[in-house]
Amino acid sequence: MNEKKAAQVKKLEADAAILMQLIREENDIQTKQKLIAKRDSVQRKATTIKNNRLLSREAKRELIAYSFIAPNFIGFAIFTLVPVLLAFALAFMNWDGSNAITFAGFENFKRLAKDTFFGAALKNTIIYVIGTVPLTLIAALALAIVLNQKIKARGFFRTVSFFPYVASLVAITSVWSMIFHPSKGPVNYLLLTVFGVPQQDLPKWFSGNLVLLTLILFSVWKYMGYYMVIYLAGLQGISAELYEAGGLDGANAWQKFRYITWPQLRSTTFFVVVMLTINCFKVYDIAVMLAGGGDGKLSNSATVLVYYIYQNAFNYWKLGYSSAIAMILFLMVLVITIIQFRYEKKLNA
Amino acid sequence: MSDEILQKKYRSKRKNAYATKIILGIVLLLITALMVVPFLWMLSASIKSNREVFMMDPFLWIPKLPKWDNYFKIWTKIPLLKFVENTVILTFIVTLLQLLTSSFAAYSFAKLEFRNKNILFLAYIATIAMPWQVYMVPQFIMMRSMGLNDKLLAMICLQAFSAFGVFMMKQFYEGIPNDLCEAARIDGMNEYRIYAKIMLPLSKPALSTLTIFTFVNTWNDYLGPLIYLKTETKKTIQLGLRMFIGQYSSEYGLIMAGSVVSLIPVIIVFLFLQKYFVEGVASTGLKG
């Protein structure tokens, strides 16, 4: 046993010597560095065997680092990374979940181009995103600025404006559908009695053209508290000296906002816009619960992409087709995120 | 002379400040009303009969004969207790696993050196920008082939290992000076002790924030349980409530009572942890 080890050490040391020779002869710095790293690792191996240890100090350190990551990463790899890769592959296949998979190429995407329900879902999702992102941003920023002032019971107001975010969708959408009930709800009752809107003209909040507006308003109401907190954190990072200097220069409240707050918050705004866009594209439950009625079916006027992904997968079992829609969703999110990153980079440069 | 002008200026400035305060007060009142009225309406409707819910003339917040009965009936109309039990188990395990595993992994990413660190972290980052809805279908197929369909365990696997948690905790740990860990290493502490005795106690704000996010998301999740949980006795409270609304769509009082019940746990958790919340968001780099 010991002889074997001695032989091993001898061989490793010989390797190291050869490498050393190569390093001396090498001129290219990058290759040189690689060789040096290789020699070091060979030498380390030799010392490890010499000292009768199972693992070198470096290897031990790495193992410890990996042991910290492993519990999360193994779960993450199995339940997230693998499905992500499968999703890409599945978009180019035809499969019903039980029979044999067949290769479809771009057929699924070609069929999507002619699918009118998909067209409606795509259009509605985009309108929803375009409406919700700026409105939520403005509302959240305004709210954060107000709640960053020195006012009484500030904690109370902050807590209250976070309530809608915390509340479960099922519960809170059922309240909204009662408050905006077309014939019985208090909102339309007010329109009828106080504003004198004739009975037949009362808005039907959850169908037709209005439904997207209702979805947008609801989302702004529900999620502004969340982005408010992010903005609040951003506002607290702005130094008070900037405002003092602005005050000395005679800046009014608007000028202070325009030339101090807004530019200082740029990275926060960037983060908020990216997160908002990603979150808006995956809208599903809000639409189903507000516009879906008892059975949760969405018509052309209220359908969204994720609804159609779900339907194709779990009602029709067209897994490939459903994954193709998912890919479109992903591509849109990706493109918009990249554009935003580019824009942010350009501003920073 | 100039004194007088100054005094006038001062007075008008004070008046201005006063006016701003009043406007601010009104704005705050309006915002609070906007945020709170739907919840008050929910509470009010939950103790009304179906007829009273929509009686607006005059609108009474508390009916003459409050129907507390609604809060008892809701437990017998649907197996609400079972739903609550399932959701509590699910949320508790997911939150615990999420806190433990992501703070553990984040420590390594923030404070230790090892090969392939950047590639591994990139894998996490790349999936943050990818909506779960994009890969939910292959994920379901995979879970089904593992025999996890219609099991709470599937929901746990799905939600316990998020990239978001690792990202958030890593940002927070990077704000803690390296010297602290170095000093502990010199004192002979191993990495696990440093994590447990130094990092964890310092990360209260970040852990509270992550708890709120995970708890709220898991408790309120709808699409995940909808895909996986089919048997009635395995459903979560969101699915159960939605099912109830589908079956008894005109039982307004009962629907509201069920909704109130489903909100209570989240509100309690939030109120307990919210004092760390803004600080947590600020220190975890979520502000960008």
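Here is how names work: the chains are called A, B, and so on, in the same order as the sequence lines, proteins then strands, and each is numbered from 1.
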Sub-4.5 Å side-chain heavy-atom contact between A:Ile69 and B:Phe114:
yes
Could you tell me whether the side chain of B:Gln139 and the main chain of A:Phe79 form a donor-acceptor pair under 3.5 Å?
yes
Check whether B:Phe215 gets within reach of chain A through its side chain, its backbone, both or neither, counting any heavy atom under 4.5 Å.
neither
By a 4.5 Å heavy-atom criterion (distance strictly below it), what part of B:Leu28 contacts chain A: side chain, backbone, both, or neither?
both
Given the side-chain rings of B:Tyr124 and A:Phe73, with only the six-membered ring counted for Trp, is the space between their centroids under 6.0 Å?
yes
Is it the case that the side chain of B:Ser108 and the backbone of A:Ala65 share a donor-acceptor pair, with hydrogens and angles ignored and the cut-off at 3.5 Å?
yes
Side chain, backbone, both or neither: which part of B:Val266 has a heavy atom under 4.5 Å from chain A?
both
Take A:Met178 and B:Trp41 through the side-chain contact (heavy atoms from CB on, under 4.5 Å) test and state the conclusion after the steps.
CA-CA 10 Å; A:Met178 286 185 195; B:Trp41 165 276; 4.0 Å; yes
Once the angle between the rings of B:Tyr222 and A:Tyr284 is folded into 0 to 90°, is it parallel (under 30°), tilted (30 to 60°) or perpendicular (over 60°)?
parallel
Check: A:Ile278 and B:Met130 side chains under 4.5 Å, non-hydrogen atoms
no
Closer than 3.5 angstrom, by distance alone: can the side chain of A:Glu62 be matched with the main-chain N or O of B:Arg115 as a donor-acceptor pair?
yes
Quick check: do B:Met35 and A:Trp221 have side-chain heavy atoms less than 4.5 Å from each other?
yes
Close side-chain approach of B:Tyr135 to A:Leu86, heavy-atom, < 4.5 Å:
no
Would a line drawn from the ring center of B:Phe213 to the ring center of A:Tyr226 be shorter than 6.0 Å?
yes
Option that, when pairs with chain B are counted at under 4.5 Å, heavy atom only, ranks first among A:Val166, A:Thr277, A:Leu329:
A:Val166
For A:Thr80 and B:Trp132, run side-chain contact (heavy atoms from CB on, under 4.5 Å): C-alpha distance rounded to whole Å, both residues' side-chain angles, the deciding distance at 0.1 Å, then the answer.
CA-CA 9 Å; A:Thr80 303; B:Trp132 171 74; over 6 Å; no
Does the side chain of A:Ser67 come under 3.5 Å of the side chain of B:Tyr192 through a donor N or O and an acceptor N or O?
yes
Contact between B:Ile31 and A:Leu143 at the side-chain level, heavy atoms closer than 4.5 Å - yes or no?
yes
Using the rule given for side-chain contact (heavy atoms from CB on, under 4.5 Å), can you reason through B:Gln133 versus A:Leu305, listing the C-alpha separation, both sets of side-chain angles and the distance that settles it, and then say yes or no?
CA-CA 10 Å; B:Gln133 284 78 353; A:Leu305 283 178; over 6 Å; no
Select one option (side chain, backbone, both, neither) describing which atoms of A:Ser322 are under 4.5 Å from chain B's heavy atoms.
side chain
